[in-house]
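Worksheet: one structure, shown below.
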Amino acid sequence: MDILQSLDKNKMPKHIAIIMDGNGRWAKEQGQDRLYGHYEGVRSVRDIVDACGELGISYLTLYAFSTENWNRPKEEVDALMELLVNTIRKEADELMKNNVRMHVIGDFKSLPAICQKELSEAMDMMANNTGLNLVLALSYSSRWEIVDAAKKMVADALAGKLKQEDIDDKVFHNYLNTASFPDPELMIRTSGEYRISNYLLYQLAYAELYFTPVHWPAFRRQNLYEAILNYQQRERRFGKTSEQIQTNTTQHV
Ligand code: IPE
Ligand code: IPE
Ligand code: MG
């Protein structure tokens, strides 16, 4: 049976976050170098972005380059930055046509100038689009983001714009890079690693986690449907008991 048909349209996650892992291992299995895996990984990005758009998902956050990835060999880092620029250039029109709006989270200023320029132009062009919000995590890590939020809060407190007693969960969230996005309900990691690797630590507090052995360049929309189906079969309790959830399904959790 087609998995797409079994998905419950009323139980779609609003926000899916993905750790796109395994490009290097996939390439090695094909007898190729790591870069080939990154190039092929772009095809998966295209397919998953299209699929999310068609499913009516509101937010898709993709971990494309972590703060720690700067420590990879220079040739790989350079190639990834070049791939980023070329991909944005190539895909921008298609994304525009599909009503996609692009955002970036992470230490934007640490990216090479040419990347910043291409990304800014693409984001400006798509600023009024109303379809899928595609959030690219670039030079991103949660610890960087949380420390950055702390710094901004201290600055606002010192400037008299923020009072200690006013700080709560919501206010804190407003200082994160993800301030304007809801938290992901589903987080997918490809390639068989069972870790979070400094990704959206705060925002994933109650996300359902889905791990698959499939490497990112082999991950396509059917794999996404499987992940969503699996998500829909889970009971999200948010600290409550199963009985509470089942007897009061209309109650906001
Ligand atoms: C994910 O694939 C892409 C990035 C982290 C940029 P990897 O490059 O981590 O591939 P593996 O995990 O080494 O196979
Ligand atoms: C996480 O993958 C970062 C991205 C997918 C961009 P890594 O391959 O860098 O993570 P680790 O090193 O296996 O934890
Ligand atoms: Mg990896």
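Keep in mind that this is a model prediction, so the values were computed, not measured. Each ligand, and each atom within it, is numbered from 1 in the order the structure gives.
Classification of Arg195 and Glu193 as a salt-bridged pair holds, one side-chain N sitting under 4.0 Å from a carboxylate O. Residues Asp47 and Arg43 are not paired through a salt bridge, judged by the lack of any N-O separation under 4.0 Å between the basic side chain and the carboxylate. Using a 4.0 Å cut-off between charged nitrogen and carboxylate oxygen, Glu121 and Lys117 count as a salt-bridge pair. Looking at Glu185 and Arg236, no side-chain N of the basic residue comes within less than 4.0 Å of a carboxylate O on the acidic one, giving no salt bridge.
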task = Any chance you could lay out the ring-ring contact (aromatic ring centres under 6.0 Å, His included) test for Tyr206 and Phe238, step after step, and finish with the verdict?
result = CA-CA 7 Å; Tyr206 264 107; Phe238 299 94; 5.2 Å; yes
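Near Arg195, with a cut-off below 4.0 Å to any heavy atom, the atoms of ligand 2 are 11 (P), 13 (O), 14 (O). Close approach to Ser197 involves these atoms of ligand 2, each under 4.0 Å from a residue heavy atom: 10 (O), 11 (P), 14 (O). Interface of Ile19 with ligand 2, defined as ligand atoms under 4.0 Å from a residue heavy atom, comprises 1 (C), 5 (C). For ligand 2, the atoms closer than 4.0 angstrom to any heavy atom of Phe65 are 6 (C). In the vicinity of Arg189, heavy-atom distances shorter than 4.0 Å reach the ligand 2 atoms 2 (O), 10 (O), 11 (P), 13 (O), 14 (O). Less than 4.0 angstrom separates some heavy atom of His38 from each of these atoms of ligand 1: 3 (C), 8 (O).
When only non-hydrogen protein atoms are considered, atom 2 (O) of ligand 1 lies nearest to Asn23 N, 3.2 Å. With respect to atom 1 (C) of ligand 1, the closest heavy atom belonging to the protein is Met20 O, 2.9 Å. What sits closest to atom 13 (O) of ligand 1 on the protein, heavy atoms only, is Arg34 NH1, 3.0 Å. Looking at atom 9 (O) of ligand 1, its nearest protein heavy atom turns out to be Arg72 NH2, 2.9 Å.
Both Leu7 and Ile18 sit in one connected hydrophobic cluster of ILVMFWY residues. Membership requires side-chain heavy atoms under 4.5 Å apart, directly or through other members. Taken together through direct or relayed side-chain contacts under 4.5 Å among Ile, Leu, Val, Met, Phe, Trp and Tyr, Val77 and Met20 form part of one hydrophobic cluster. No continuous path of ILVMFWY side-chain contacts below 4.5 Å connects Ile16 to Phe181, so the two sit in separate hydrophobic clusters.
The number of protein N, O or S atoms lying under 2.8 Å from the Mg ion (ligand 3) is 1.
No donor-acceptor contact under 3.5 angstrom links the side chains of Gln203 and His15, judged on distance only. There is no side-chain donor-acceptor pair under 3.5 Å between Ser191 and Trp216. Between Asn69 and Ser66, the side chains place a donor N or O and an acceptor N or O closer than 3.5 Å (distance only, hydrogens not considered).
In terms of N/O distances under 3.5 Å, ligand 1 is not approached by Ala64. Considering backbone and side-chain atoms alike, Asp21 places an N or O below 3.5 Å from some N or O of ligand 2. Between Asn69 and ligand 2, at least one N/O pair is under 3.5 Å apart.
Taking a 4.0 Å cut-off on heavy atoms, Gly22 registers as neighbouring ligand 1. Heavy atoms of Glu193 stay at 4.0 angstrom or farther from ligand 2.
The number of heavy-atom neighbours closer than 6.0 Å to NZ of Lys151, taken from other residues, nucleotides and ligands shown, is 12 or below. Counting heavy atoms of neighbouring residues, nucleotides and ligands inside a 6.0 Å radius, atom CG of Asn128 does not exceed 12 of them. Within 6.0 Å of CD on Gln164 lie no more than 12 heavy atoms contributed by other residues, nucleotides or ligands.
Within 4.0 Å of atom 11 (P) of ligand 2, at least one protein heavy atom is present.
Counting heavy atoms closer than 4.0 Å to ligand 2, residue Arg25 contributes nothing at all.
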